[in-house]
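Notes for the one structure printed next.
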Amino acid sequence: MTKGKLAGKVALITGSGRGIGREIALRLASDGADIVVHYAGSEAGAMETAQAIRNLGRKAVTVRADISQRTQVRSMFTEMDKAFDRLDIVVNCAGASGGGTLADLDDDILAELLGVNFYGPLYVASEAARRLGDGGRIINFSSTTADFPPGGSGIYSSAKLAIKGFTEAWAKELGAKGVTVNSVIPGATSPGMFDKTPEPWRSQFMNASPFGRAGRADEVASVVAFLASPEASWVSGTHIRVNGAANM
Ligand SMILES: NC(=O)c1ccc[n+]([C@@H]2O[C@H](COP(=O)([O-])OP(=O)(O)OC[C@H]3O[C@@H](n4cnc5c(N)ncnc54)[C@H](OP(=O)(O)O)[C@@H]3O)[C@@H](O)[C@H]2O)c1
């Protein structure tokens with residue numbers, strides 16, 4: 001049995017069939033946790049993530065849910081309850097970017113972006129709140145665009161700003177149970193949604209950091225691993241920028 005600072009813990013990582021979530025799932029498994037690999041459309045990616053976790057000597061199950069649908073999130077937790085008799089760490093990583101100008105506000109895009117980035121983490125955290133106990137962790141995902149919103153990103157950036165509000169309120173609610181709640185604030189990160197960013201935005205995002213590059217998903221995963229660990233027991237209700245000092 002693998003030893004590690006997360007040995008004996010069970011972690012749910014939403015959106016871990018690809019991108020940053022996948023890197024987090026592998027990192028937490030390397031640190032000893034058993035993993036619930038969540039996906040919506042990336043079934044093959046989720047299966048690959050789960051197999052890579054098993055190859056590390058940890059347990060892994062895959063669960064599917066569109067997190068914007070509360071009934072699907074509830075069913076997902078029921079499935080998880082059958083697979084594991086505990087839940088210690090929840091990483092609210094799934095998200096979707098997109099937007100459009102104010103004058104062209106599109107109802108479908110509005111519903112999708114709020115569904116995945118606002119309602120989804122809320123539904124997941126609500127179910128988690130009933131299960132997490134002493135030493136529990138919720139780690140939410142905001143975005144640097146919440147702090148420095150570019151034009152055309154109003155819906156996404158505002159939903160990601162709401163994540164910071166959720167984080168601070170949930171930290172107050174759950175602290176009495178010994179559960180910490182924090183958010184990470186990535187900048188442009190690869191692999192992840194940044195890979196689909198076209199020029200000239202791509203260069204602008206990279207040059208927004210004095211390092212002149214995008215971050216790597218493993219650099220974000222290390223910060224999540226710290227927040228998930230017992231070493232972060234007194235860190236709650238706060239936000240950590242993982243963006244190479246980028247200002248967009
Ligand atoms: N990468 C960046 O540059 C960057 C920058 C700032 C913040 N972030 C944040 O970091 C987090 C991870 O992003 P990423 O870069 O890894 O994105 P990504 O590669 O585009 O992956 C998005 C993930 O979200 C899941 N997802 C999307 N819609 C969903 C839905 N309706 N229900 C359930 N899951 C859904 C996807 O699952 P399926 O593939 O299974 O459908 C996928 O795993 C997000 O919260 C994002 O906002 C990323």
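Start at 1 and go down the list; that is how both ligands and their atoms are numbered. Count residues from 1 along the sequence. Note: hydrogens, waters and symmetry copies are ignored here, and every other heavy atom, side chains too, is used. Nothing here was measured: the structure is a model prediction, and the numbers come from that model.
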Side chain Thr14, main chain Cys93, donor-acceptor under 3.5 Å: yes
Residues 107-119 side chain polar contacts: donor-acceptor under 3.5 Å, at least two apart:
residue, atom, partner, partner atom, Å
Asn117, OD1, Ala96, N, 3.0
Asn117, ND2, Ala96, O, 2.7
Asn117, ND2, Leu113, O, 3.0

task: Look only at the side chain of Ser236 and the backbone of Ala171, and say whether a donor-acceptor pair between them is shorter than 3.5 Å.
output: no
- request: Look at the aromatic rings of Trp170 and Phe166 and report parallel, tilted or perpendicular, splitting at 30° and 60°.
  value: parallel
- request: Mark yes when over 12 heavy atoms from residues, nucleotides or ligands other than Lys172 sit less than 6.0 Å from its NZ; otherwise mark no.
  value: no
- request: Spell out, as yes or no, whether a donor-acceptor pair under 3.5 Å connects the side chain of Arg241 to the backbone of Thr144.
  value: no
field: Neighbouring residues of ligand 1, heavy-atom cut-off under 4.0 Å
entry: Gly15, Arg18, Gly19, Ile20, His38, Tyr39, Ala40, Gly41, Ser42, Ala65, Asp66, Ile67, Cys93, Ala94, Gly95, Val116, Phe141, Ser142, Ser143, Tyr156, Lys160, Pro186, Gly187, Ala188, Thr189, Gly192, Met193, Phe194
